[in-house]
Structure formats: structure tokens, C-alpha cells
Amino acid sequence: MPYLSSEETVKELKRALSNPNIQSDRLRYRNYILRVIRSMTQGLDVSALFMDMVKASATVDIVQKKLVYLYMCTYASLKPDLALLAINTLRKDCADPNPMVRGLALRNMCNFRMPGMTEYIHQPILMGLKDKASYVRRVAVLGCAKMHSLQPTAEIDAAIVNELYGLLRDPDPVVMVNCLRALEEILRHEGGVVINKPIAHHLLNRLKELDSWAQSEVLTFLLRYKPRSEDELFDILSLLDALLHSSHAPVMAATLRLFLQLAAAHPAVQVDALEQARGPLLATCGSQSREMRFAGLCHVQQVLRSQPAQFGVHFKRFFCGYSEPAYIKFRKMEILVELVNDENVGLVLEELKGYCTDVSPDLAQAAIAAIGRIGRTYSEKCLDILTGLLGLKQEHITSAVMQSFRDLVWLCPQSTAAVCQAVEACEESLQDTEGKQALLWLLGMHGDQISSAPYMLESHIDGLKTEMSSVVKLELLTATVRLFLQRPAEMQDMLGRLLHYCIEEENDMNVRDRALFCYRLLGCGVEETRRVFQGPKSDPCMGVLTGRPQEPVNNWASWFNTLGPLCGDDVALPASCDTAASAQPAQSSQGDVLAGAVEEPLSIPEMGHQPLGLSLGPPLSHEAFERHWLELDVTHREPISFQGPPSSPETLQAALQLVKIQTLAFSRENVTPWKAYLYSHGSGTLILAELLQDGPAEGDGSGSLAVSLKQVPKNDTVIQEFASVLRTVLQTLTEDVS
Amino acid sequence: MIGGLFIYNHKGEVLISRVYRDDIGRNAVDAFRVNVIHARQQVRSPVTNIARTSFFHVKRANIWLAAVTKQNVNAAMVFEFLYKMCDVMTAYFGKISEENIKNNFVLIYELLDEILDFGYPQNSETGALKTFITQQGIKGQHQTKEEQSQITSQVTGQIGWRREGIKYRRNELFLDVLESVNLLMSPQGQVLSAHVSGRVVMKSYLSGMPECKFGMNDKIVIDKQGKGGASDEAGKSSGKQSIAIDDCTFHQCVRLSKFDSERSISFIPPDGEYELMRYRTTKDIILPFRVIPLVREVGRTKLEVKVVIKSNFKPSLLAQKIEVRIPTPLNTSGVQVICMKGKAKYKASENAIVWKIKRMAGMKESQISAEIELLPTNDKKKWARPPISMNFEVPFAPSGLKVRYLKVFESKLNYSDHDVIKWVRYIGRSGIYETRC
């Protein structure tokens with residue numbers, strides 16, 4: 001950056017500073033000092049000028065003094081011996097009648113970062129703590145902290161600590177807050193400043209005098225205080241109530257955090273606090289400045305983890321503005337996905353659709369992924385939009401759509417047919433790895449429903465030589481073998497070519513090993529290969545239908561209003577000063593197993609949470625069912641409380657299918673009595689079930705469903721388990737509806 | 001707490017660097033330049049973590065301000081600090097630009113010294129800072145006794161924002177209600193989101209230590225008064241005109257306890273110009289203009305655009321500096337514009353038709369139509385149709401806010417409320433005022 005070499009500049013400056021002509025001309029002298037500081041800012045090493053700068057510090061000109069002090073603070077650690085020369089001047093200034101000069105000198109003296117400094121500053125700091133001007137006291141209090149940081153290993157000076165605790169009662173609010181800050185640093189190894197009852201109450205009472213930064217800091221310190229009794233707790237909370245509406249976002253967030261942590265044992269209070277903070281949080285999300293908006297959005301995301309419904313009505317607040325920066329748009333889309341409900345789904349999708357054609361490919365892809373996420377609950381509408389997007393024939397869009405399709409098919413098997421149709425109609429050739437992988441997976445898994453699948457694979461196999469990514473090659477291998485198992489005639493030749501190429505010519509060891517593995521496996525026979533390659537085609541978990549379980553507030557309350565929400569979980573930041581306070585009993589969410597969503601699209605194909613080996617096939621015809629039903633006696637009968645038929649019987653059907661219970665027939669919605677007939681196979685037995693709701697659901701919607709089960713041959717444990725699975729499904733659905 | 005504060009220009013050169021804590025080294029300066037300013041992709045987050053150090057950055061024009069810390073701090077607080085820093089700098093030397101920062105760098109170092117100590121925010125009130133900052137002029141050691149006592153009282157006193165012994169021959173007050181309306185409208189004319197963010201800026205030239213009381217048509221206050229037994233008439237006439245304020249922030253001088261309990265705004269004002277309050281409303285906003293776009297694609301190489309703007313306020317008022325910006329596709333080859341009023345020009349460099357009207361009265365309508373010719377391209381990308389944006393200035397408050405009174409009481413000096421000359425002005429400007437097409 002500097003055009004002259006640094007040495008020459010330094011030399012020139014040195015010459016100028018020691019020139020008596022210049023020294024006598026105040027303005028010119030100051031100009032040269034300015035140049036020194038400017039070079040320092042640019043990263044030039046001007047420490048050689050230290051001697052001249054010390055001389056310049058002996059002046060009555062405050063501006064010049066400040067500049068020289070700035071210089072000295074930077075280089076004092078490099079030239080400790082020369083810095084000592086300056087200390088005399090500084091100590092003299094500490095006794096100046098002008099409080100500003102006193103404060104300035106004391107502050108800069110404390111800023112000198114060199115080891116031997118402590119003995120020189122100890123006395124002035126003690127004087128400063130007793131100074132009559134609050135400006136000097138502010139400086140002196142922080143000076144204590146600086147002194148400690150110079151010698152972090154030294155004994156803690158009990159006298160100073162006591163003095164600081166005493167100064168918490170200082171009339172100047174900034175002095176008080178500085179005391180807290182200084183004590184926190186000095187006592188860090190003992191767990192920080194102690195907040196006992198008198199101190200806590202003193203702080204709470206003075207909260208109103210503080211400026212917004214100090215307020216939010218004090219609120220953070222208060223996290224450490226544990227009220228003795230319920231009464232005290234609620235007194236504190238009602239004192240803080242007003243601050244929850246503070247329009248300074250940091251103060252509001254700090255108050256909310258304090259509320260949430262103090263009331264950790266009172267969920268109702270927490271909910272109420274979140275309710276109250278909703279307005280201010282939304283206001284932050286619409287604030288003028290982008291960064292503040294971003295911070296607001298991140299915190300809304302935290303709140304959503306526990307209360308997804310809370311912001312549902314305000315979804316329009318999270319629509320993106322055209323000129324907003326990408327990071328805000330990404331967050332807003334993430335939030336929109338969470339907010340979707342039956343009422344707003346149309347508008348939200350319409351809005352997201354608009355973003356899919358955004359100029360930034362990243363953003364467009366994120367929007368498509370968001371639509372895909374919504375598709376897990378509202379598959380039909382989203383599939384229409386996604387299929388429509390394929391018509392734009394743009395590469396990045398097609399790629400993102402394919403990825404969404406893959407996830408959708410895996411999680412919502414009912415959308416398979418529509419997806420296969422769309423994939424078949426899509427002619428665009430994909431270039432990016434992610435998109436290719438998704439397409440290949442779809443072709444391999446559901447190639448039986450895509451008539452042109454072999455041709456599509458063939459083009460990839462032919463282009464293998466130019467393919468760079470080994471991940472795609474691995475996926476291609478898997479897909480080809482899978483498709484071969486379904487359509488051997490068309491695929492045999494292709495598979496042979498692919499294996500030959502991968503084994504003979506491929507350089508990547510990973511790919512070659514996989515090819516050899518496939519080759520050996522095929523040698524073991526088709527049945528064996530089928531058993532290894534054909535896993536389940538969808539994820540048989542209920543997470544999709546029920547959505548994410550609501551987390552208890554205490555899970556995230558401890559890192560609310562820190563850097564955590566802004567940077568995500570992956571950032572290993574030093575724990576905030578209040579880890580001791582935040583050590584809440586971590587309540588693990590012991591929701592029911594079925595609702596615990598597993599959202600990785602490629603989980604291990606294992607039905608771990610399905611202890612009962614229920615299976616769908618072989619299908620039962622209506623006549624067979626009727627015959628069995630009439631022949632058998634009811635083995636088990638129980639009422640299940642259930643609020644009317646689910647929003648649509650189709651949902652119920654899909655849900656039951658996931659736990660491998662087949663639905664034979666059901667009556668239409670809003671028909672009484674409402675009936676449904678189900679069956680399933682398990683442990684070599686056939687189970688038949690009838691669900692009957694005779695009375696119309698009462699006003700409050702709490703109806704009851706009579707379940708009768710029949711079984712052939714009899715096996716009590718199986719029937720019990722079947723009943724419990726059914727109960728879980730119905731209950732999850734009921735919760736979902738309510 | 002904040003470990004250090006750096007200011008860069010758009011090239012990544014350091015203009016100001018101030019380190020408060022030992023844990024922030026010189027390499028942090030370079031890390032930010034390399035990872036954020038010179039990064040190829042756009043900014044992914046206003047908080048960047050590099051090697052366990054967090055950089056909070058804000059960009060103003062082409063200047064970057066970055067606060068650096070190694071602690072887990074409250075992000076919103078750091079951002080608020082950076083904004084405050086920007087405000088203070090603007091108050092001292094106007095626009096934040098490379099030129100201004102270079103010219104005032106001594107001042108900025110001085111400011112940084114006073115605002116933060118050891119990384120902790122200390123004092124940020126422009127008025128109060130003025131006493132500590134020796135921006136220009138050389139202040140000798142031998143100050144007059146009076147000046148010294150002033151500083152002492154300022155530094156120790158309870159009222160940090162006003163010094164004692166201010167005297168004016170004419171006691172004057174200027175009150176500006178400045179609002180910016182933000183709108184996002186769908187092509188069908190449906191309001192997707194709208195809000196007004198406003199500021200009440202005051203310039204006071206008052207002697208002594210006056211106590212002021214400010215009243216506006218805030219719904220809560222008016223409803224309260226209505227209940228308190230005010231005559232029906234008053235209730236009726238003001239009932240409709242009161243506005244619901246979503247949230248508001250006040251200058252430090254306003255007694256918040258009084259506002260919380262009785263919602264009255266009383267304060268001892270700082271001297272000179274300052275911002276009394278900031279507020280936001282979202283309900284019953286008077287949208288000064290409506291934009292009705294009509295875009296028709298005629299074949300692959302032609303686009304017909306018709307935009308009608310309607311002014312929606314009293315015919316006696318005049319809107320000024322109206323500018324409508326109609327975006328055009330990237331492959332535009334030529335544009336013909338016809339407009340009844342004002343001047344319209346196609347600006348190829350900005351990819352937009354800019355239509356300017358100097359003045360426009362209320363309840364009027366104006367129209368522009370344009371034919372855009374496109375170059376045939378093989379780019380299959382669809383034109384994203386950015387929204388039509390608008391700028392204007394109107395002499396009323398779109399939120400409906402009205403100043404009801406501003407009373408001044410000074411008990412020690414002998415002037416009363418009637419002797420103070422007061423000026424009130426309303427200015428409504430456009431914020432982000434967009435209509436999708």
C-alpha cells in the first residue's frame with residue numbers, strides 16, 4: 001500500500017519531528033504526528049520514532065496528546081524502556097485540575113501493554129477510584145480490569161475487589177456498570193462477579209437509569225441470580241415486564257432470555273413472555289437496518305422451535321423484499337417453511353414460486369428446496385409448482401427440482417407416480433453433481449415407473465469418460481444395478497459396459513472397488529443381489545405427517561440472545577460468561593418415538609422403531625376380507641378417544657400405510673356413522689380391524705372411536721402391539737389436527 | 001465486549017484500526033479483508049466467524065465497519081453500537097465516505113477513545129461527546145474557570161446531554177416529523193406489506209433548563225382521555241384521527257417512567273439538533289401514490305409497458321421529486337417512451353426507464369407508456385421482472401401522525417410557553433416503495 005518503502009518514510013518522519021523549526025510551529029508539528037499515526041494505521045512499523053513521540057507528548061495541546069498516547073499504547077510493549085520516560089508526564093497529568101485531562105492520562109496509562117506497568121498505575125488507579133469526577137471514576141474502574149489483564153496470574157487484590165463492590169452503589173450509572181464488567185474480568189477464575197440478593201435488587205432498581213447497552217449487559221449478569229422464593233421470582237418478573245416491550249432490540253432480547261431462564265420451571269410464564277415479546281420481535285424483523293433484521297429473524301427461528309404456531313398469522317412479514325441481501329432472504333424462506341398452515345399455504349407457495357426465478361441461482365435453488373419441504377405436508381400443490389418449474393428449462397432450477405423430488409419421494413410415497421411422470425417429461429440434461437445424483441437415484445429406485453429410464457441412464461453411461469465427480473459415478477453404479485434388477489432385458493448390455501469401464505479404466509479406487517463389489521455380488525445370483533440392493537423405497541416414519549415436535553423452551557433458552565442463533569450450531573464459540581447459570585437440567589424431548597422425525601433422506605434402511613413385523617402384502621381382496629370378518633370373533637375391543645375423522649381420510653390412509661397397515665375401505669368425510677376397515681399381516685397372522693365412530697363428534701370435538709380387532713391365527717402379543725401402533729397413529733393425527 | 005474496531009474502504013485498505021483488547025492481533029485485520037471484502041461470493045451473513053473470532057460488519061456506501069470480538073456477545077447489541085457509531089460520525093462530519101473518514105481520522109480516533117473503553121461502550125450521546133472531543137482548535141491547559149466547571153458538571157451531573165447556562169435572545173423550536181413509507185404491492189394492487197418508520201427531529205434553541213412536554217395523536221392517549229370524561233365531541237373528532245403506534249424509541253432525555261405510566265412524553269431537551277423519537281406504524285397508512293403496472297410481452301423481441309400513477313391525498317397538497325423507476329430486461333436494445341407529464345429517459349447503464357416528475361398535486365393521475373425492443377437471445381433464462389420502485393416527497397405524514405402540542409416550561413428564567421417561537425413541519429418520503437409487475 002505505501003508507495004515508498006517503509007524505511008524511507010520513517011527516516012523522513014524522524015528528520016521532520018526532530019527539526020526544531022517544525023517543533024516550534026505547532027500546526028506543522030501536529031501534521032507530522034498525524035502522518036505517523038496514519039502510517040501506523042496502514043500497518044507500517046513506525047516504532048523507531050518512539051523517542052521523538054515521547055518528546056511530543058510534553059505539550060498542552062490535548063489533540064496532540066491524544067495522538068501521541070494512541071501511538072504509545074500501540075508500541076509500548078515493543079519499547080518498554082522508552083515508554084517509562086512517558087510515564088512521568090502521564091502521572092503528572094493524573095493530578096491535573098481538569099477532570100478530562102486526568103481521565104485521559106489515566107486511561108492511556110492503563111492501556112500501555114507492558115509487564116512492569118502495574119507498579120506505576122496502581123497508585124493512580126486507587127486515587128482515580130475516589131475521584132470526585134465520575135468521568136475519572138469510570139476510567140479508573142476499568143483500569144482495575146486492565147491492570148489485572150496485564151498480570152492475569154497475579155494474586156487478586158482483595159482491597160480493589162472490595163472497593164469495586166462498594167462502587168456498585170456509585171451515583172453514576174456508567175461507573176456502576178463498569179464495576180460489574182471489571183469484577184467479572186478480575187474474578188473470572190472464581191466464576192465471575194457474585195450476584196447476591198442485595199446486589200440483584202440494587203441492579204434491578206437502577207435498570208431504568210442505564211442506557212440500552214448497559215441495560216442489556218446488566219440483564220445478562222442477572223441471569224446468574226437465582227431467586228430464593230417464588231414470590232421473589234414473580235416480583236422480579238413483574239419489574240422486568242416493561243422492558244419486554246423495549247424498542248431497543250438488544251434489551252428486549254436480553255429481557256426475554258432472562259424471563260425464559262428465571263421461569264424455567266414455569267412453562268406457562270415462558271409461553272406468556274414469548275407471547276408478549278412477539279410484537280417487538282416482529283418489529284425487529286422489519287427494522288430499517290439489515291443486520292438488525294437478520295438478528296431478529298435468527299431469534300424468531302429460535303422461538304419457532306417451541307412455538308411454531310405463534311407467528312403463523314404474521315407470515316406476510318416474512319416475505320422477501322427485492323433489494324434485501326441474500327442472507328436475509330435465506331432466513332426468511334426458512335421461516336416461511338415453518339409457518340405454513342392450512343390457511344396460508346396457497347399464498348406462501350405463490351410467494352416462494354416468485355423467488356424461484358430469482359437472478360441469484362443460490363437463492364432460486366433455496367426457494368425450490370423450500371417448496372420441496374412444504375411438499376412433505378402439502379404434496380399436491382407443491383408437485384404442481386415443481387413440475388411447472390421444469391418447463392423453464394433452466395439448469396440450476398431443474399437440478400434443484402430433482403433434489404426436491406428425491407426427498408419428496410423418499411418421505412411421501414404417495415407422490416411417487418406424479419414425480420415419475422415429471423421426471424420422464426424432463427429433457428434437460430443436468431450438469432451439476434448434486435442434481436445428477438438426485439436424478440440417478442430416482443431412476444434407480446423408481447425406474448419401473450419411468451419408461452424411458454434406461455435411455456436416460458444410457459446417456460450418462462456413455463458420457464462416463466467426461467464425468468469428473470466420483471460421487472456421481474458411485475451413484476450411477478448403484479442406480480444401474482438397481483434398474484437392472486427391475487428391467488434386466490433392457491439393462492444387461494449397459495450394465496456390462498459400465499462395469500467393464502469402471503473396472504478396467506477407472507482411476508478412482510473407490511469407484512473401482514464399488515464396481516468390483518457389484519460384479520462379485522452379481523456373481524452370487526440375482527436373488528442375493530436383489531436382497532442387498534433393493535431396500536425400502538421410502539422412509540417409513542411419521543415425521544412427515546406430524547411435523548417437527550415442539551421443543552421445550554429450556555432447550556434453547558440458554559443460548560438465546562448470544563451469537564449462537566446467528567451462526568448456527570456448528571460454531572464452537574467460547575461459552576458465554578454464564579455457563580454456570582445456564583446449566584439447566586437438559587430435558588431431552590421424550591416425545592413418542594414415531595413423532596421423532598428422522599429427516600435424513602438416506603437413513604439406514606432399517607425399521608428400527610417397528611418392533612412388530614407388520615407387513616403390507618399380500619393384498620387382501622374385498623371378498624376375502626368379508627369372508628374372514630364374518631367367520632372370526634372379535635378378539636380385542638377398545639375405545640380410543642379421537643376427535644372426529646382426520647382432516648381427510650386420505651391422510652389417515654397414508655399414515656397407516658407408513659406403519660404397514662393397509663386400508664381396505666372407509667366412509668366419506670362427515671358421514672355418520674363413520675367407519676373404516678383395515679388389515680395387516682404380522683408374525684404369520686392376519687389382523688383385521690374395524691374403526692367405528694357412531695355419534696357425531698360433539699361440539700368440542702372430543703369423540704371416541706370404537707376399535708374391534710379380529711385375528712387369524714390367534715397371537716395375543718401381536719394383537720396388543722397392533723392395537724398400540726394403531727393408537728399411536730390415531731393420537732398423533734389427532735394432535736396434528738388440533 | 002468489543003475487541004477491536006476497523007474501518008475499511010471498498011478495496012480493503014484499512015482506514016481506521018483501533019484495538020481495545022490484547023486478544024485481537026494485527027492478523028485479524030487481514031483475515032477480514034481476505035475472507036469478507038475480497039471474497040468472491042456475496043456476503044452470507046453479517047456475522048462472520050474466522051478462527052474463533054467473530055467479525056460483525058456493516059457496510060455504509062462503500063465503507064466497511066467491522067467490530068471484532070472473541071467473546072460470545074449479544075449480536076444485536078454490537079450492531080446497535082455500530083449504527084450508533086455511524087450516527088455519531090455522521091453528526092460530526094456528514095456523509096460516511098472514504099474522503100471524509102480520511103480527512104477526519106484524528107476525530108474518529110478521539111471518538112473511538114471516548115465511546116469505547118477496554119471494549120465496553122461508555123458514552124455515545126453526540127451532545128455530551130462534544131465536550132470531550134477537541135475536534136478543531138487547540139484547547140490550552142489554562143481554560144477559564146467557567147469552562148472547567150462546565151465540564152465538571154457535565155461529567156458528574158445527572159443530565160448528561162445538556163450543559164447549564166445556555167442563553168438565547170430568541171427562544172425558538174423547530175419540530176420536523178420525518179417519515180418514510182415502505183410498501184410492497186402485488187401486481188393486482190394488493191398490499192403485501194406496508195409500514196411507516198418515522199422520526200421526530202427537534203432543533204431547540206431554548207435558554208436555561210426548560211422542561212418540555214410533547215403530545216401527539218397517539219391512540220392510547222386519546223382513548224384514555226376519552227374515557228377520562230372528555231366531551232363526546234372531542235372524542236368523535238379525534239377518534240378517527242388517532243393512530244396506533246406499533247413501537248417507539250425515545251432519545252435518552254425522555255423520562256421513560258412517565259411514558260410508561262401515563263404515556264406522556266416529557267423531557268429536558270438537549271441543545272441544538274437531535275432526534276426526539278423514532279416510531280413505526282403498520283395500520284391505516286395513507287399510501288400517497290398508487291402504481292398500476294401493465295406489462296405485455298409481444299412476441300420474443302418486444303415488450304409493452306404501461307404504468308399509471310395515481311396520487312392519493314388532498315388536492316391542495318403538492319408532492320415533489322417524484323421518480324418512478326421501471327426496470328427493463330438486460331437485452332433491451334431500444335426504448336420509446338411517451339409520457340404525459342414530466343420527463344422520462346431510458347438509462348441503459350441502470351437497466352431502467354427513469355421517469356421524473358417535479359411536482360404533482362393530489363388526486364391526480366399520470367401515465368407513461370413505453371415500447372421496449374429486445375435483442376433476440378438464446379439465453380433461456382426468463383426475465384425475473386424486478387419490481388417498479390418509486391421515490392417521492394410529500395408534505396404530510398403518511399402514518400397520520402399529528403403533533404397536538406409542544407409545551408415549554410422554564411421556571412427559573414422568565415419566559416413562558418407563549419414566548420417560544422415554534423415551527424412544525426411534516427415530510428413524508430418514500431422508503432422502499434415497490435410494486436411488483
Side-chain angles (χ1 to χ4, degrees), chain A residues 1 34 41-42 60-63 66-67 70 98-100 107 113 133-135 138-139 142 145-146 174 178 181 208 211 213 216 242 247-250 253-254 280 283 286 288-289 291-292 294-295 316 319 321-323 325-327 357-359 392-394 561-563 566-567 571 573-574 576, chain B residues 13-14 16-17 22 42-47 49 54 58 71-77 79-81 83 105-106 109-110 113 117-118 120-123 132 134 138-141 143 148 151-152 155-156 184 192-193 195 197 246-249 252 256-257 260 280 380-382 384 386-387 432 434:
Chain A
M1 287 181 295
L34 269 180
T41 307
Q42 287 170 347
V60 288
D61 177 0
I62 291 189
V63 182
K66 282 186 176 178
L67 290 174
L70 181 72
N98 186 344
M100 217 171 87
R107 184 169 59 218
R113 293 170 189 130
S134 67
Y135 181 68
R138 291 176 188 180
V139 172
L142 281 182
K146 291 176 191 167
V174 182
N178 279 354
R181 295 160 170 161
K208 287 215 169 95
D211 66 355
W213 298 322
S216 82
S247 41
H248 286 280
Q288 283 278 305
S289 48
E291 291 80 15
M292 207 51 117
F294 178 74
K316 277 193 184 171
F319 284 1
Y322 182 72
S323 49
Y327 53 82
T357 44
D358 197 280
V359 260
L392 292 176
K393 296 196 188 302
Q394 283 183 39
N561 196 34
T562 63
L563 264 180
L566 273 88
C567 300
V571 184
L573 276 162
S576 60
Chain B
E13 288 166 359
V14 191
I16 300 285
S17 93
D22 288 333
Q42 54 198 31
V43 181
R44 288 309 286 264
S45 161
V47 186
N49 274 295
S54 308
V58 167
Q71 315 274 325
N72 189 353
V73 291
N74 176 346
M77 198 181 86
F79 284 131
E80 206 174 65
F81 168 77
Y83 301 146
F105 92 100
V106 180
Y109 274 123
E110 270 192 87
D113 223 31
D117 190 7
F118 208 37
Y120 295 110
Q122 300 289 311
N123 194 346
F132 302 119
T134 46
I138 304 152
K139 271 202 184 147
Q141 208 172 19
Q143 286 168 314
Q148 253 183 49
I151 292 174
T152 321
V155 170
T156 50
L184 183 62
L192 293 175
S193 75
H195 72 267
S197 53
D246 284 23
D247 47 279
C248 48
T249 339
Q252 183 192 7
L256 287 175
S257 53
D260 290 341
R280 230 173 63 93
K380 281 183 283 183
K381 264 190 192 171
K382 221 175 125 193
I432 299 169
E434 294 179 336

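Every chain is numbered from 1, with letters handed out A, B, ... down the list of sequences.
A salt bridge is defined here as a Lys NZ or Arg NE, NH1 or NH2 lying under 4.0 Å from an Asp or Glu carboxylate O, and B/Asp117 with A/Lys146 meets this definition.
Ranked by heavy-atom pairs under 4.5 Å with chain B, the list A/Ser323, A/Ala283, A/Gly321, A/Ala249 is led by A/Ala283. For the options A/Ser289, A/Ala242, A/Gly286, A/Pro280, heavy-atom pairs under 4.5 Å to chain B are most numerous at A/Ser289. Of all the listed residues (B/Ile432, B/Leu184, B/Val58), the one sharing the greatest number of non-hydrogen pairs under 4.5 Å with chain A is B/Val58.
Using a 4.5 Å cut-off between heavy atoms, A/Tyr322 contacts chain B through both its backbone and its side chain. Proximity to chain A (any heavy atom under 4.5 Å) is restricted, for B/Asp246, to the side chain, taken from C-beta onward. Of the atoms belonging to A/Arg181, heavy atoms from both backbone and side chain fall under 4.5 Å from chain B. Using a 4.5 Å cut-off between heavy atoms, A/Ala253 makes no contact with chain B at all. Within the 4.5 angstrom heavy-atom criterion, only side-chain atoms of B/Glu434, from C-beta onward, approach chain A. When heavy atoms are compared at a cutoff of 4.5 Å, A/Gln288 approaches chain B solely by way of its side chain, counted from C-beta outward. With a 4.5 angstrom heavy-atom cutoff, A/Ser216 touches chain B only via side-chain atoms.
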Chi angles and distances behind the side chain to side chain contact (heavy atoms under 4.5 Å, CB included) call for B/Phe105, A/Leu34 | CA-CA 9 Å; B/Phe105 92 100; A/Leu34 269 180; 3.7 Å; yes

Derivation of the side chain to side chain contact (heavy atoms under 4.5 Å, CB included) call for B/Gln122 and A/Asn178 | CA-CA 9 Å; B/Gln122 300 289 311; A/Asn178 279 354; 3.0 Å; yes

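Considering only heavy atoms from C-beta on, B/Tyr109 stays 4.5 Å or farther from A/Lys66 through its side chain.
Closest of all the heavy-atom pairs between B/Phe81 and A/Trp213 is CA-CZ2, 3.5 Å.
Counting non-hydrogen atoms of other residues, nucleotides and ligands closer than 6.0 Å to NZ of A/Lys316 gives a total above 12.
Counting only distance, with no hydrogens or angles, the side chain of B/Tyr120 and the backbone of A/Leu142 share no donor-acceptor pair below 3.5 Å.
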